[in-house]
Amino acid sequence: MQERYEPAAVEAEAQQFWDQRRCFEAKEDSGREKYYCLSMFPYPSGRLHMGHVRNYTIGDVLARFMRMNGRNVLQPMGWDAFGLPAENAAMANGVPPAKWTLDNIAYMKGQLKSLGFALDWSRELATCLPEYYRWNQWLFLRMLEKGIAYQKTGVVNWDPVDKTVLANEQVIDGRGWRTGALVEKREIPMYYLKITAYAEDLLDALGNMPGWPERVRAMQANWIGKSVGVRLGFPYDIAGLGAGVLHAFTTRVDTLMGVTFCAVAAEHPLAAHAARNHPKLAAFIEECKRGPAIESELATQEKKGMPAGLMVRHPISGEAVPVWVGNYVLMSYGDGAVMGVPAHDERDFEFAKKYHLPIKPVIDLLGREYSLQQWAPWYAEHGRCINSGAYDGLEFQTAVDSIAADLSRLNLGEKRTTWRLRDWGISRQRYWGCPIPVIHCGTCGTVPVPDEQLPVVLPVDLVPDGSGNPLLKDAAFLEVPCPRCGAAARRETDTMDTFVDSSWYFLRFACPDNHRAMLDSRVQYWLPVDQYIGGIEHAILHLLYSRFWTRVMNELGSVAFKEPFANLFTQGMVLNEVFFRRPESGRVEYFNPADVEVTLDQGAQRRVTVLRCDGKEVESGGVVTMSKSKNNGVDPQALVDEFGADTARLFTMFAAPPEQTLEWSDEGVQGAYRFIKRLWKAVHDHVTQGAPSTLDKSALTDEQRAIRRQAHHTLAKITDDIGRRRTFNTAIAAAMELLNALAKFSQSSRQDRAVMHEALEIAVLGLSPIIPHVTHALWRALGHTTALIDESWMPVDAGALQTSSIAMVVQVNGKLRGHITVAVGADEGTVRAAALADSHVQKFIGEAAIRKVIIVPGKLVNVVV
RNA sequence: GCCCUCGUGGCGGAAUCGGUAGACGCAACGGACUUAAAAUCCGUUGAUCGAAAGGUCAUCCCGGUUCGAGUCCGGGCGAGGGCACCA
């Protein structure tokens, strides 16, 4: 065995070994229990980032651990290959998105291989290839047939200069990112998937998903947003519009008698009608439409409104109620109108104060004093009706029931459940995506592409130039005969949201080579995914869409289950310090931490941060998420090149628990590297002394027994930490402790060497899921002729853990006062006597009478005086 | 605004079911080896009082439950994340 640890050679050797034996190619085997371990597939942006390294290392540790515990493990990898960045790169470099994407995939695949992940590359897939996305199209057609996919108009951001639709991220302060033109909103026809039809089931099932983190389930439940309430009507008879009813939804119909106005969204038909002869209102409506579409901005913006000059009638009292147009009313939720009860809704209160609308309290809470001057949180709580005529004195539920019944009798309302969840708009006016398989014919209208004409192949040689979807100028793609009448027709140029691609890729990994069907029976063996691992940022959309998609496929009979991911693990973000300079004029300039020299002033009192190239000082902006915009990313490749994949893996697993944020630290990487070197040296020093003799468990000294106990305790802890707790950082810490103990263990006898040998095997095997390359080499060095990857996880020797005596602590009134050693299994009387006999304990008891003695077996004694 | 998560030494973090607070690592300091440096190895390291034994204080703040609270409950303060065309 070589004395020096050389990661490059060790890792190349191990990777070659696994590759040649095809160790990680998974085969269906009904006789073995499967384990489908999946990390979220990457977008091929060009290079791996530290978030990928973290994500895939977590998955790899679990996959390797489960493999050694006898499971038939599938760990596949693919590429989420459609998307906007490829178009941006194409515009910047004049390269077609297809070439850019495939080049990136080739490079990143090499990076993944160099990190030594136990991936089954025979199942690799990329969503931008027709063999994959044709099944998007196929299933979309099935959804069209079933009415799950349908067409309606939707609002998009329109850049009037580039004449193109912009993504939200391409709109900066209301202007197009390239042209700087004021962005307009446009209504265009789009395809939607009816996810709302599954809202109830998607919500209910969350209650029975113990393998998902509580917070993710809470986020999804919130997103689905079930509200139980009443949809009620305010009748009107308006000149030029005639008689009608303004519908509004409320969860607080018990406050109905407190209504002093109604507010409608800018896009509401009543608003449009009122604006006809009212230029100021029309201008205000335009202003609202230009306003934020994002909920967070909508919720924080100043509430503005304008009277529409129209009146509706209160459904119960018949009183006239003024209609306002409000910028805080969402057309997309409910009916785009709300009843205004300023006394009991904070937003309405703010609105009423601003525009001097009457506030009428109608709920009483234990006689608390209502002040019209200022809002108090209790105003919104449930209470007893007052100032409400026939409903006075009723509690919340009876008031709701009674008012709903009256509204129903008047034909002006009914109980209704509303959802925050909206149907999923999947049309994107972009080139680099999966074509939506429909054809527009002048006579037949919109015609689905027949199955036998699938896939609708996206041309791969176009280069977008920012002036809209290049498919619109591609005659070869565009011009097509109508499948129904044969006349000249036009192919749809919209492509699908990339979330469609990622909503079912985990199913396709079971059968990526099937060119005749989307899925086959192998899905039944591998699915559902046993462990899914990914960033918390996907907690809502991707995971919800995948659950929806799986339900649709379940209905179509393609899969036998409804939930695709049995267990979900959400890893934390990777953070790093950010450095910048703020020039007197111009924008803040960020510097990569790799280019910044950090030194400590005398006595480590002050940190000095200077840019290497010019030696001048830069400011530190604290520790934040690694991102391109802050230029604080660390290139994993540089790390692998300098220290090896094992160090990169060890550092990311050790520096923080996997679910929490991870702070980058150059020194921490050094520490990880140092530990691997120590492990290497420990094995080297041991094996150079020759083969050890066999261990005689019956003839151990106390010291030998202590080492064995610690070794097996470490094994038990690593097994539990990886297998159950998923705290890889503490598993590594335990292994470090063992190595520290072994360094102090002086060896003189043959038996010493046998104990050492066993302990080193435990350390090497226990760490192998985390640092597989170096342990592969060390296992051989320890005399094994078989490969570590094929080894079974080692069982803990219960006998090694046994002790004859045990240390306990003694407290007096909950404060630590002494230590005692008692025999294992000593009865309470003995333990009590030993505790009270301790001289230091006696000092603190003094003359006081003992009121109680609490004994926690094997742990502590608390004497209460 | 709404929802979620988290506040422990100089720093990252540990304490798994309410039971010894600070494991493990980093940094720092002292020492060994070396012509020297790097690497490596050994030791010290929450604060404070004390010569020492040992005491006292200490897990963001205030209050509660308990023999016992970093952990549970209530209130406050602070930080981070998510919020439908980025993936």
Side-chain angles (χ1 to χ4, degrees), chain A residues 40 42-43 45 80 82-85 88 154 156-157 165-171 213-216 218-219 221-223 225 293-301 328 332 346-347 420-422 424-430 497-499 502 535-542 544 572-573 575 600 603-604 622-625 651 654-657 659-672 674-675 677-678 681 717 720-721 724-725 727 729-730 732-737 740 743 807-816 819 840 851-854 856 859-865:
Chain A
M40 290 179 182
Y43 177 79
S45 56
D80 189 11
F82 275 135
L84 197 55
N88 295 341
V156 294
N157 303 307
V165 174
L166 298 177
N168 279 349
E169 84 161 1
Q170 296 172 322
V171 180
E214 181 64 46
R215 64 170 162 156
V216 174
M219 281 162 89
N222 228 285
W223 186 255
I294 296 166
E295 190 179 330
S296 57
E297 291 175 32
L298 211 57
T300 43
Q301 73 178 347
Y328 67 100
S332 53
E346 192 170 0
R347 279 180 314 182
R420 212 183 73 96
L421 182 69
R422 305 202 294 265
W424 174 14
I426 59 157
S427 297
R428 298 290 181 270
Q429 296 69 41
R430 294 213 200 112
D497 181 3
T498 58
F499 276 118
S502 56
I536 185 73
E537 66 273 22
H538 294 287
I540 299 174
L541 293 183
H542 162 59
L544 191 65
M573 306 265 198
L575 317 180
L600 290 176
V623 178
V624 301
T625 315
F651 169 72
F654 180 63
E659 258 183 311
Q660 284 173 36
T661 56
L662 170 81
E663 275 186 38
W664 180 260
S665 150
D666 286 324
E667 294 78 18
V669 173
Q670 289 285 348
R674 198 174 300 150
F675 173 71
K677 282 193 289 186
R678 287 185 66 203
K681 186 171 184 299
K717 176 145 179 69
D720 189 48
D721 283 353
R724 180 184 62 91
R725 293 213 304 153
T727 52
N729 54 326
T730 53
I732 295 164
M736 287 173 166
E737 279 183 84
N740 289 344
M808 293 178 74
V809 298
V810 185
Q811 299 178 334
V812 177
N813 284 343
K815 287 202 171 179
L816 178 65
H819 300 266
H840 200 242
R851 298 217 326 256
K852 207 198 273 188
V853 176
I854 289 151
V856 182
K859 280 223 168 111
L860 65 69
V861 181
N862 188 14
V863 182
V864 186
V865 296

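Values reported hereafter were calculated over all heavy atoms of this structure, with side chains retained and with hydrogens, waters and symmetry mates removed. Letters go in sequence order (proteins before strands), and every chain restarts at 1.
A/S502 comes within 4.0 angstrom of nothing in the nucleic acid, heavy atoms only. Within the 4.0 angstrom heavy-atom criterion, base atoms lie near A/F499. Counting any heavy atom pair closer than 4.0 Å across all strands shown, A/G668 reaches no nucleic acid atom.
The nucleotide B/C83 finds its pairing partner in B/G1, both defining distances of the Watson-Crick or G-U wobble pair being shorter than 3.5 Å. Pair check for B/G78 finds B/C6; Watson-Crick or G-U wobble, both atom distances under 3.5 Å. As the counterpart of B/A28, B/U44 is assigned, both hydrogen-bonding distances of the Watson-Crick or G-U wobble pattern falling under 3.5 Å. Under the Watson-Crick and G-U wobble criteria, each requiring two contacts below 3.5 Å, nucleotide B/G50 is left unpaired.
Taking atom NE2 on A/H542 and atom C1' on B/G82, their separation rounds to 16 Å, with Å as the unit. As a whole-Å value, the separation of A/H538 NE2 from B/G82 C1' is 12 Å. The nearest whole Å value for the distance from the CG atom in A/N729 to the P atom in B/A23 is 15 Å. When the P atom of B/U16 is taken as reference, atom NZ of A/K859 falls 8 Å away, rounded to whole Å. Atom C1' of nucleotide B/A87 and atom CG of A/L84 are separated by 10 Å, given to the nearest angstrom. The distance from atom CD1 of A/I540 to atom P of B/C86 is 15 Å, rounded to the nearest whole Å. Atom CG in A/L421 sits roughly 9 Å away from atom C1' in B/A84 (whole-Å rounding). Regarding A/D497, its CG atom lies at a distance of 7 Å from the P atom of B/C85, rounded to whole Å.
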request  = Do nucleotides 4-12 of chain B as a string where each nucleotide becomes B, S or -: B if the base has a protein heavy atom under 4.0 Å, S if just the sugar-phosphate does, - if no protein is that close.
outcome  = SS------S
remark   = Whether each nucleotide of nucleotides 39-55 of chain B has a protein heavy atom under 4.0 Å at its base (B), only at its sugar-phosphate (S) or at neither (-) is summarised, 5' to 3', as SSS-S----------SS
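Of the listed nucleotides (B/A87, B/U20, B/G81), B/U20 has the atom at the smallest distance from the side chain of A/V809. Nearest to the side chain of A/E667, among B/U16, B/C26, B/A23, sits B/C26. For A/R422, taking side-chain heavy atoms from C-beta onward, the closest of the listed nucleotides B/C67, B/C24, B/A84 is B/A84. Here the side chain of A/R430 is nearest to one of B/A14, B/C85, B/A84, namely B/C85. Of the candidate nucleotides B/A15, B/A23, B/A87, B/A23 has the atom nearest to the side chain of A/A733.
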Between the protein and nucleotides 57-60 of chain B, which nitrogen or oxygen pairs are less than 3.5 angstrom apart?
{"from": "B/C57", "atom 1": "OP2", "to": "A/K815", "atom 2": "NZ", "distance (Å)": "3.0"}

All N/O contacts under 3.5 Å from nucleotides 68-78 of chain B to the protein, with atom names and distances to one decimal?
none

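Comparing the same atom, P, in B/G80 and in B/A15 gives a spacing of 25 Å after rounding to whole Å. Annotation: B/C26 and B/A39 have their P atoms spaced 12 Å apart (nearest Å). Comparing the same atom, C1', in B/G9 and in B/A23 gives a spacing of 14 Å after rounding to whole Å. Taking the P atoms as reference points, B/C61 lies 14 Å from B/G7, given to the whole Å. To the nearest whole angstrom, the two C1' atoms, one in B/A27 and one in B/U45, are 11 Å apart. Look at the P atom in both B/C3 and B/C57: the space between them is 40 Å, to the nearest Å. When the P atom is compared between B/G63 and B/C2, the two are found 28 Å apart, to the nearest whole Å.
The shortest side-chain heavy-atom distance between A/V810 and A/L860 does not fall under the 4.5 Å cut-off.
For A/T498, a side-chain nitrogen or oxygen approaches OP1 or OP2 of B/A87 to under 4.0 Å.
Nearest-nucleotide mapping onto RNA chain B: of A/P657 and A/S665, the residue sitting toward the 5' end is A/P657. Judged by closest nucleotide on RNA chain B, A/M736 is the one of A/M736 and A/Y43 placed further toward the 5' end.
Residues satisfying the ring pair (Phe, Tyr, Trp, His ring centres under 6.0 Å) criterion with A/F651, sequence neighbours excluded, are A/W664. The side-chain contact (heavy atoms from CB on, under 4.5 Å) check on A/H542 picks up A/M40, A/F499, A/S502, A/Y505, A/Y532, A/H538, A/S546, with sequence neighbours excluded.
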